[in-house]
Amino acid sequence: MHPALAVSLVFAGCCSNVVFLELLARKHPGCGNIVTFAQFLFIAVEGFLFEADLGRKPPAIPLRYSIFKYTSIALVSVGIFICTFMSAKQVTSHQSSVSENDGFQAFAWWLLGIGALTFALLMSARMGIFQETLYKQFGKHSKEALFYNHALPLPGFIFLASDIYDHAVLFNKSESYQIPVVGVTMPIMWFYLLMNVITQYVCIRGVFILTTECASLTVTLVVTLRKFVSLIFSILYFQNPFTAWHWLGTSLVFIGTLLYTEVWNSLGAAESQPQKGHKEN
């Protein structure tokens with residue numbers, strides 16, 4: 001697939017995805033777990049049926065590590081999850097006794113969130129480099145990578161089963177909605193979730209195609225720009241305030257993108273070349 005088409009899938013899928021995510025979050029702000037689980041489950045099932053051929057097709061990129069190492073990593077992950085979960089419960093109970101005017105604590109948590117997002121972006125970039133190395137060694141298998149990246153983490157959602165079930169019950173209680181053209185009636189929150197899952201699949205499919213066609217730095221830039229465009233689209237679609245700081249950020253993003261694509265160098269090189277049919281004296 002041509003990289004331009006993959007980029008189109010990324011932006012079209014993700015910009016429409018953010019609309020349904022906003023509709024879900026406005027009604028139930030804590031529905032992130034069920035949304036993420038539905039996305040992972042859909043992509044994993046689709047990959048199991050059409051890529052893994054119901055488990056009969058062996059992976060082109062082999063699992064490089066032993067069961068012992070997988071077990072050790074799983075134990076470390078579970079231990080970190082337990083500590084984080086219990087700390088979160090303690091923070092929740094503690095915050096109920098703290099005054100709402102404690103701005104320093106709110107600012108500290110905001111900084112922690114920014115740090116976590118920055119770390120996640122760096123790790124995503126590192127994973128892109130790792131995928132690029134694997135594709136050079138074993139060939140380009142974007143659908144296989146997409147399947148295993150979403151199928152292997154599924155057991156971890158067992159720790160979130162209670163929250164997922166609670167929101168499934170809330171979704172069932174939402175008002176009915178008749179889907180146009182099809183004529184099927186379903187709770188509107190399930191419709192929003194279905195559309196969110198489909199658009200997310202289109203978006204992430206484009207991202208994984210890009211990992212096989214472009215350098216990891218280019219993929220990271222596209223993914224970052226996708227998040228930015230989704231943010232701007234959400235602000236405009238839901239008519240949220242667009243401040244001078246938003247304009248400044250937008251300008252910096254576009255300037256950085258133009259610098260990365262070296263568009264000025266390309267224009268300068270084109271102008272320096274003599275036009276066809278021009279004869280020098």
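Just so it is clear, the model here is predicted, and its values are computed rather than measured. Heavy-atom basis, side chains included; hydrogens, waters and symmetry copies ignored.
In terms of modelled atom types and a separation under 3.5 Å, the side chain of N149 and the main chain of A145 share a donor-acceptor contact. Within the 3.5 Å criterion, the main-chain N or O of N33 finds no donor-acceptor partner in the side chain of H167.
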Could you go through residues 22-29 and list every donor-acceptor pair under 3.5 Å that involves a side-chain atom there, pairing it with any protein atom two or more places apart or in another chain?
residue, atom, partner, partner atom, Å
E22, OE1, S234, OG, 3.2
E22, OE2, R26, NE, 3.4

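Hydrophobic clustering, with ILVMFWY side chains joined whenever heavy atoms are under 4.5 angstrom apart, groups Y201 together with L152. Note on V169: it does not cluster hydrophobically with F157, by side-chain heavy-atom contacts below 4.5 Å among ILVMFWY residues. I204 and I198 sit in two unconnected hydrophobic clusters of ILVMFWY residues. Membership requires side-chain heavy atoms under 4.5 Å apart, directly or through other members. In the hydrophobic clustering of ILVMFWY residues, with side-chain heavy atoms under 4.5 Å counting as a link, I43 and L194 come out apart. In the hydrophobic clustering of ILVMFWY residues, with side-chain heavy atoms under 4.5 Å counting as a link, V19 and F11 come out together.
For F138, the CZ atom is densely surrounded, since the number of other residues' heavy atoms within 6.0 Å is greater than 12. For I158, the CD1 atom counts as loosely surrounded, since its 6.0 Å shell holds 12 or fewer non-hydrogen atoms of other residues, nucleotides or ligands.
For G13 against C203, the heavy-atom pair with the smallest separation is C-CB, 3.9 Å. Taking each heavy atom of V35 and L21 in turn, the nearest pair found is CG1-CD1, 4.2 Å. The two residues V10 and V207 come nearest to each other via the heavy atoms CG2-N, 3.5 Å. Residues S16 and T199 come closest through the heavy atom pair OG-CG2, 3.3 Å. Contact detail for F40 and P153: the closest heavy-atom pair is CE2-CG, 3.9 Å. When all heavy atoms are compared, the tightest approach of G55 to F48 is N-CE1, 3.5 Å.
Once rounded to the nearest 0.5 Å, the distance linking CG of L134 with NE2 of H141 reads 10.5 Å. If you take CD1 on I164 and CG on L41, they are separated by 9.5 Å, rounding to the nearest 0.5 Å. To the nearest 0.5 Å, atom CZ of residue R205 and atom CG of residue L146 are 6.5 Å apart.
Among residues at least two apart or in separate chains, salt bridge (Lys or Arg N to Asp or Glu O under 4.0 Å) pairs with a member in residues 143-169 are E46-K143.
Annotation: side chain of L154 is not in contact with side chain of H150 (no heavy-atom distance under 4.5 Å). For the pair W190/L193, a side-chain contact is recorded, criterion being any heavy-atom separation below 4.5 Å from C-beta on. Here the side chains of F171 and C31 are in contact, with some heavy-atom distance below 4.5 Å. Side-chain contact between I34 and M189 is absent, with no heavy atoms from C-beta onward closer than 4.5 Å.
Aromatic ring orientation, F20 versus F191: perpendicular (interplanar angle above 60°, classes split at 30° and 60°).
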